[in-house]
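Right, one structure below, let's go through it.
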Amino acid sequence: MTRPGGVWENWGRSARVRPQAVEFPGSTDAVQRAVQAAARKGRRLKAVGAGHSFTGIAVAPGVLLDLSDLTGVVSVDRERSRVTLRAGTRLHQIPRLLAPFGLAMQNLGDIDRQSLAGATSTGTHGTGARFGGIATQITAATLVTADGDLLVVDEHQNTEMLPAVALGLGALGILVEITVQCVPAFLLHAVEHPEPLDDVLATLDDRAASNDHFEFYWFPHTDVALTKSNTRLPESAPRHPLPRAGKWLDETLLANGVYRVVCGAATTVPAIVPPFSRLAVRLTGDREYTDVSTKVFTQSRTVRFREMEYALPAENVRPAFDALRALIDERGWRISFPIEVRFAARDDLWMSTAHGRASGYIAVHRYWRENPTDYFEAVENIMTSFGGRPHWGKMHTQDAASLRERYPRFDDFVALRDRLDPDRMFQNTYLERVLGA
Ligand SMILES: Cc1cc2nc3c(=O)[nH]c(=O)nc-3n(C[C@H](O)[C@H](O)[C@H](O)COP(=O)(O)OP(=O)(O)OC[C@H]3O[C@@H](n4cnc5c(N)ncnc54)[C@H](O)[C@@H]3O)c2cc1C
């Protein structure tokens, strides 16, 4: 978000910059003109979505292209359930745009504030061992390249680039149109329970395999996991949404309002964290309901935090989680945010955290006013020792040398970046670190 004074800041308040210029192109032509003008002036340029990445991946010191005006449906292929959207469309706008066609996105992450382009460019994912992240749902894209030309990547043209462009880290060009493979609109039956953590860990593989979408949260300093198991149902199935009061209690009061106060107080009195965590797991998370998919997949998150998330080979989730649990016990930190564990299917996108392997994700968070460095550093050591790959939009300290070892197609991606952006129009400090100069 750009603040008065022209300073742009991300949601987690972990990255900020004062761009030389901010532009709001409302059409593909306007994006092309902005890129050409920046090239003439020798300025760098970056598109920014909702600023929900915790890393500096969206930092735009030159020209910041805010694509909030580049939204909506371009075309619909009803036969194949494919919908082409303008790249700045926010995920929360998509259900309304797809409704007239009886379609939905196949899987989503925890929230829907992100732009479609930003979400796909960083490998945003939800959970479900049979389902990939958002980028795996992309079947075509149109980009404005560094020289201002249009590059169409689809099943007929430049098809070999799709596995790079669908998850392009903002390094290959400015996405202006994105085609999403949708599915018929569906409901989710959600079952959310507190359960003994050890039981959940002992049956983790089964749960991940037997549920459409399984995840769990563990509040450190408790021995309880909040499990979420979602089953896909046809749109015609009966809906049993959460009553408004229940939804408000769980999501507005406990998950957000009271939580903000506790997190704030815990920065000066860390000792309140364990009893609060025990209370939180007793009060929340025991509910069952059926609603349209997007309402079940996504929640609102208003307590600001910083996050690190690592993708692991699915079989390493259990040992990595055990090591993380032991670490927290050993170090005596008071961690007020739960640890989140999710799953995803293997895919073949070059820079996907799930490239070539069925994956599990472990995410750690810290309230934004707390310094996350010690915690995240120690967690990162564990995750990398279990073959982890960091989420591109979440905090980590990897660089091109360590990432090259973790991504078999790393050099192919860098070669494509060199071809499409030889003068580094779309480069910033983060991309220089993770892809090399
Ligand atoms: C509260 C919260 C919850 C989250 N939950 C999840 C979750 O459940 N799962 C998950 O995987 N992640 C999650 N994230 C991370 C988030 O989904 C990603 O960081 C995502 O990239 C943010 O999208 P954005 O629109 O804000 O993109 P930004 O952060 O603004 O940008 C991300 C990247 O996309 C590029 N980009 C944006 N638009 C374009 C364009 N038109 N063309 C080319 N490049 C472009 C930017 O240059 C940058 O490189 C969460 C983040 C927050 C703050």
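On a predicted model such as this, the values are computed, not experimentally measured, just so you know. All ligand and atom numbering here is 1-based and tracks the order in the structure.
Ionic pairing of Arg357 and Glu315 is not present here: no N-O contact between side-chain nitrogen and carboxylate oxygen is shorter than 4.0 angstrom. A salt bridge does not link Arg334 to Glu370: none of the charged nitrogens lies less than 4.0 Å from a carboxylate oxygen. A salt bridge links Arg424 to Asp418: one of the charged nitrogens lies within less than 4.0 Å of a carboxylate oxygen. Using a 4.0 Å cut-off between charged nitrogen and carboxylate oxygen, Asp112 and Lys295 do not count as a salt-bridge pair.
The Asp110 neighbourhood of ligand 1 comprises atoms 7 (C), 8 (O), with distances under 4.0 Å to a heavy atom of that residue. Residue Leu169 has at least one heavy-atom neighbour below 4.0 Å for each of these atoms of ligand 1: 49 (O). For ligand 1, the atoms closer than 4.0 angstrom to any heavy atom of Leu67 are 41 (N).
At under 3.5 Å, not a single nitrogen or oxygen of Arg301, backbone or side chain, sits near a nitrogen or oxygen of ligand 1. Geometrically, ligand 1 and His391 share a nitrogen or oxygen pair separated by less than 3.5 Å. An N or O contact shorter than 3.5 Å is missing between Ile174 and ligand 1 by distance. Looking at Phe305 next to ligand 1, no N or O pair under 3.5 Å apart turns up. At under 3.5 Å, not a single nitrogen or oxygen of Ala58, backbone or side chain, sits near a nitrogen or oxygen of ligand 1. Considering backbone and side-chain atoms together, Glu307 places no N or O closer than 3.5 Å to any N or O of ligand 1. The shortest N or O to N or O distance between Gly49 and ligand 1 is under 3.5 Å. Some N or O of Leu175 is nearer than 3.5 Å to an N or O of ligand 1, by distance alone. Backbone and side-chain nitrogen or oxygen atoms of Val48 are examined, and none is located within less than 3.5 angstrom of a nitrogen or oxygen of ligand 1. Ligand 1 has no nitrogen or oxygen under 3.5 angstrom from a nitrogen or oxygen of Gly109.
Of the heavy atoms in Ala47, both backbone and side-chain atoms come closer than 4.0 Å to ligand 1. Residue Lys46 touches ligand 1 through its side chain alone, judged by heavy-atom distances below 4.0 Å.
Of the candidates Val165, Ile178, Thr124, Thr124 brings a heavy atom nearest to atom 18 (C) of ligand 1.
Annotation for Ala34 and Glu23: closest pair CB-OE1, 3.5 Å, computed over non-hydrogen atoms. Minimum heavy-atom separation, Val74 to Leu85: CG2-C, 4.1 Å.
By the salt bridge (charged side-chain N to carboxylate O under 4.0 Å, His left out) test, Arg130 is found to be paired with Asp212, residues two or more places apart in sequence or in another chain being considered. Here Arg346 pairs with nothing under the salt bridge (charged side-chain N to carboxylate O under 4.0 Å, His left out) rule; sequence neighbours left out.
A ring pair (Phe, Tyr, Trp, His ring centres under 6.0 Å) with Tyr407 is found for one member of Trp392, Phe413, Trp350 and no other, namely Trp392.
Within the structure, ligand 1 lacks Gly12 among the residues with a heavy atom less than 4.0 angstrom away. Heavy-atom distances between Ala60 and ligand 1 stay at or above 4.0 Å for every pair. Within the structure, ligand 1 has Lys394 among the residues with a heavy atom less than 4.0 angstrom away.
Two rings, from Phe305 and Tyr367, have their centers 6.0 Å or more apart.
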Practice task
Start with the C-alpha gap between Tyr430 and His396, add the side-chain angles, then the distance that decides, and say whether ring-ring contact (aromatic ring centres under 6.0 Å, His included) holds.
Solution key: CA-CA 11 Å; Tyr430 176 85; His396 69 91; 5.7 Å; yes
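The protein atom (non-hydrogen) at minimum distance from atom 2 (C) of ligand 1 is Ile111 CD1, 3.5 Å.
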